[in-house]
K.L.:
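Here it is: the structure, laid out below.
In listed order, ligands and their atoms are each counted from 1. This structure is a prediction, so every number in the text was calculated from the model and none was measured.
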Amino acid sequence: MASISGICSSSPSLKPRKPLLSATTTAAFSLRRDSVSLPIRSQRVPAIASVAREISAELSEADGAAGKEKEMKKKGLEKDPRELWRRYVDWLYQHKELGLFLDVSRVGFTDEFIEEMEPRFEAAFKAMEELEKGAIANPDEGRMVGHYWLRSPKRAPNSFLRLQIENTLDAVCNFAGEVVSGKIKTPSGGRFTQILSVGIGGSALGPQFVAEALAPDNPPLKIRFIDNTDPAGIDHQIAQLGPELASTLVIVISKSGGTPETRNGLLEVQKAFREAGLNFAKQGVAITQENSLLDKTARIEGWLARFPMFDWVGGRTSEMSAVGLLPAALQGVNIREMLAGAALMDEANRTTVVKNNPAALLALCWYWASDGVGSKDMVVLPYKDSLLLFSRYLQQLVMESLGKEFDLDGNRANQGLTVYGNKGSTDQHAYIQQLREGVHNFFVTFIEVLRDRPPGHDWELEPGVTCGDYLFGMLQGTRSALYANDRESITVTVQEVTPRSVGALIALYERAVGIYASLVNINAYHQPGVEAGKKAAGEVLALQKRVLAVLNEASCKEPVEPLTLEEVAERCHAPEDIEMIYKIIAHMAANDRALIAEGSCGSPRGFKVFLGECNVDELYA
Ligand SMILES: O=P(O)(O)OC[C@H]1O[C@](O)(CO)[C@@H](O)[C@@H]1O
């Protein structure tokens with residue numbers, strides 16, 4: 001058994017260290033759990049939320065954790081190189097089969113902290129076990145959370161779900177194979193050469209990350225994305241396709257099938273197809289929940305193919321569903337390897353010994369570094385260009401999952417963990433100056449890739465030194481420089497960027513988020529906050545329609561009656577919305593849809609507006 005190093009206790013100790021949550025401690029916890037009679041429910045689908053709530057209530061009695069954590073942190077990080085090396089060796093996690101390492105030695109958690117956290121971890125492991133068995137882990141939406149079954153279908157709670165997963169995977173592989181081989185042809189009989197993926201959030205970020213990480217230099221089909229309702233962005237993508245629109249497979253991805261940005265992207269693409277004289281349906285593929293609006297549209301219009309998105313897979317954890325697998329397979333990525341990597345990582349994350357559980361170790365570090373309240377941001381720095389989008393992918397996974405107003409007990413918690421990052425060593429010439437010396441409001445996660453180039457391609461650009469050695473040196477140098485200034489960091493190392501390691505990385509962070517959510521007692525699987533913005537956007541568009549109606553009526557008069565802002569607001573019966581009305585008119589004026597008769601948009605008080613052309617039909621409709 002490994003000996004414990006000094007950094008984890010106030011004075012160096014050579015006492016043998018007991019494994020965290022070993023079989024014996026788990027037994028002890030079981031006794032404790034019995035003593036508070038936790039409601040392990042007998043119904044088929046246990047409610048994790050209530051189990052976690054009761055455990056959390058029990059924990060809060062003996063809490064004061066945040067205060068103690070801060071106190072312990074004041075002890076500072078280990079600086080003695082020998083002790084630090086010992087801590088490194090003691091805590092280094094290695095997954096041999098995946099070739100993945102996790103180094104948490106540069107995070108200063110103490111033995112006392114770990115001990116305090118043990119009951120929380122025990123509750124988190126329990127919650128995760130129940131989640132995997134099919135519990136309603138997303139209580140607000142009454143949903144199961146099943147992304148782990150996607151890579152281990154035999155773990156699905158019933159054979160119907162298992163078959164759904166297996167059949168979808170087979171369908172994805174067959175369809176992709178037939179498109180790539182040319183068996184499925186374009187309407188003019190040629191091969192598909194391009195993919196245009198239309199989707200947003202979880203229906204875009206995974207496929208974008210994986211494309212950047214894994215697509216070969218010359219993929220069978222090249223992918224591009226429409227992931228916004230920005231008309232100029234959409235035009236840009238379509239213009240770049242040019243005549244290849246005729247050999248483009250358009251994959252429209254939306255779990256709900258009703259996301260406005262995605263619908264707009266689809267309508268814009270369909271218009272481009274019409275204008276090019278092409279039949280969209282013969283080139284369109286939908287990935288969505290059965291019977292969603294998108295599904296019905298695709299079915300009625302007879303699109304080329306439809307793939308299901310399951311109710312129990314969230315958008316941000318959908319990379320291993322058809323959402324991520326189909327685009328990846330079409331680019332020639334070995335998706336079964338990606339699934340295998342994720343499955344291996346999931347297996348490793350099922351151990352209840354924190355020290356041997358990489359996702360739990362990450363969650364532990366996040367809790368320690370951010371005091372369990374998100375007090376520090378997570379800066380993700382992959383030192384590999386192909387992993388550039390990992391930080392953006394993690395931003396949604398972590399922030400949409402953890403950024404919650406209320407905890408599972410309904411208490412205001414305002415939880416979260418801010419994620420940002422780009423890539424090393426590029427960021428060294430951008431914002432790392434502030435990380436090293438400026439405001440201390442973050443911890444770093446380095447993502448290291450050991451293999452610089454495929455074998456046989458490397459060369460020394462100066463004696464004994466390759467280009468990749470510089471990248472390595474920059475990572476190590478930054479890690480050391482940050483630590484010397486008490487900036488904590490985690491390092492995740494993989495041998496190579498392969499479908500297997502990318503699958504493992506995704507699985508690692510999915511599980512870390514789930515465990516962390518349990519540690520801080522929140523629902524990681526809903527996103528109520530996003531709805532507020534969507535609702536407000538809908539209200540703005542409704543107001544815009546009223547503004548248009550008012551302006552239309554005034555512009556149809558003989559002579560035209562230009563209106564002041566106040567007059568528009570009054571006629572819309574919305575005087576309290578005058579600022580929004582001003583913004584609506586300024587936006588329409590900037591797009592030649594409204595004309596300013598007097599003054600300018602820069603002086604809102606003085607201007608008068610009318611429509612260039614009135615629509616008489618609309619007036620009498
Ligand atoms: O796949 P959909 O339903 O179009 O949703 C896209 C994204 O929108 C969100 O629901 C947030 O608005 C994300 O959670 C999701 O990934």
Side-chain angles (χ1 to χ4, degrees), residues 137-138 140-147 150 168 196-211 225-230 233-234 250-269 284-298 303 306-327 389-390 392-405 415-417 419 506 509-510 513-514 517 522-541:
N138 179 356
D140 298 40
E141 297 176 359
R143 283 180 170 149
M144 297 186 285
V145 174
H147 48 275
L150 296 171
T168 305
L196 183 57
S197 174
V198 184
I200 197 166
S203 292
L205 287 159
Q208 286 169 331
F209 163 50
V210 166
F225 294 90
I226 290 178
D227 67 350
N228 201 356
T229 184
D230 173 10
I234 294 171
V250 182
I251 307 182
V252 186
I253 309 177
S254 174
K255 176 179 175 181
S256 61
T259 302
E261 292 94 327
T262 304
R263 182 206 68 143
N264 296 355
L266 167 61
L267 294 180
E268 293 272 357
V269 173
V285 175
I287 303 179
T288 185
Q289 282 191 108
E290 215 182 331
N291 286 327
S292 73
L293 189 58
L294 173 60
D295 189 42
K296 286 181 187 151
T297 307
W303 291 17
R306 292 182 290 129
F307 294 92
M309 174 75 179
F310 308 120
D311 169 64
W312 37 267
V313 174
R316 54 188 173 273
T317 52
S318 64
E319 179 48 33
M320 311 278 165
S321 73
V323 170
L325 298 179
L326 180 64
L389 295 183
F390 194 41
R392 201 194 289 176
Y393 169 79
L394 288 182
Q395 201 165 53
Q396 187 204 20
L397 177 63
V398 175
M399 294 178 74
E400 199 167 69
S401 302
L402 301 180
K404 298 294 155 69
E405 185 168 13
Q415 268 294 349
L417 201 52
V419 179
I506 290 172
Y509 277 86
E510 282 177 350
V513 165
I522 55 139
N523 177 358
Y525 307 107
H526 65 167
Q527 51 285 327
V530 185
E531 299 312 316
K534 283 187 193 167
K535 193 165 161 264
E539 283 163 10
V540 173
L541 291 173

K.L.:
Does only the side chain of Gln396 get under 4.0 Å from ligand 1, or the backbone, or both, or neither? Count heavy atoms.
P.N.:
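For Gln396, only side-chain atoms sit under 4.0 Å from ligand 1.
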K.L.:
If the cut-off is 4.0 Å to any non-hydrogen atom of Ser254, which atoms of ligand 1 fall inside it?
P.N.:
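Answer for ligand 1: 1 (O), 2 (P), 3 (O), 4 (O).
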K.L.:
If you define the side chain from C-beta out and look only at heavy atoms, does anything of Met309 sit under 4.5 Å from Ser318?
P.N.:
yes
K.L.:
Return yes if some donor-acceptor pair links the side-chain N/O of Ser256 with the main-chain N/O of Gly258 below 3.5 Å, else return no.
P.N.:
yes
K.L.:
Which heavy atom of the protein is the closest neighbour of atom 11 (C) of ligand 1, given with residue, atom name and distance?
P.N.:
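Protein heavy atom at minimum distance: Val530 CG1, 3.4 Å.
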K.L.:
So which heavy atom in the protein is nearest atom 6 (C) of ligand 1, and how far is it from that ligand atom?
P.N.:
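Protein heavy atom with the smallest distance to atom 6 (C) of ligand 1: Ile200 O, 3.3 Å.
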K.L.:
Taking distance alone, with N or O pairs closer than 3.5 Å, would you say Thr259 contacts ligand 1?
P.N.:
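Yes.
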K.L.:
For ligand 1 and Gly202, I'd like to know whether there is a polar contact (N/O to N/O, distance under 3.5 Å).
P.N.:
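Yes.
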K.L.:
So do the side chains of Leu205 and Leu389 get within less than 4.5 Å of each other, counting heavy atoms only?
P.N.:
no
K.L.:
If you have a sec, work out which protein heavy atom is nearest atom 9 (C) of ligand 1 and how many Å separate them, to one decimal?
P.N.:
Glu400 OE2, 4.2 Å
K.L.:
So which atom in Ala524 and which in Val513 form the shortest heavy-atom distance, rounded to 0.1 Å?
P.N.:
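Result for this residue pair: CB-CG1, 4.5 Å.
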K.L.:
I need the atoms of ligand 1 closer than 4.0 Å to a non-hydrogen atom of Lys534, numbered in the order shown.
P.N.:
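The atoms of ligand 1 under 4.0 Å from a heavy atom of Lys534 are 10 (O), 12 (O).
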K.L.:
So, the side chain of Asn138 versus the backbone of Tyr525: is there a donor-acceptor pair under 3.5 Å, distance only?
P.N.:
yes
K.L.:
Taking the side chain as everything from C-beta on, heavy atoms only, tell me whether Tyr393 gets closer than 4.5 Å to Val210.
P.N.:
no
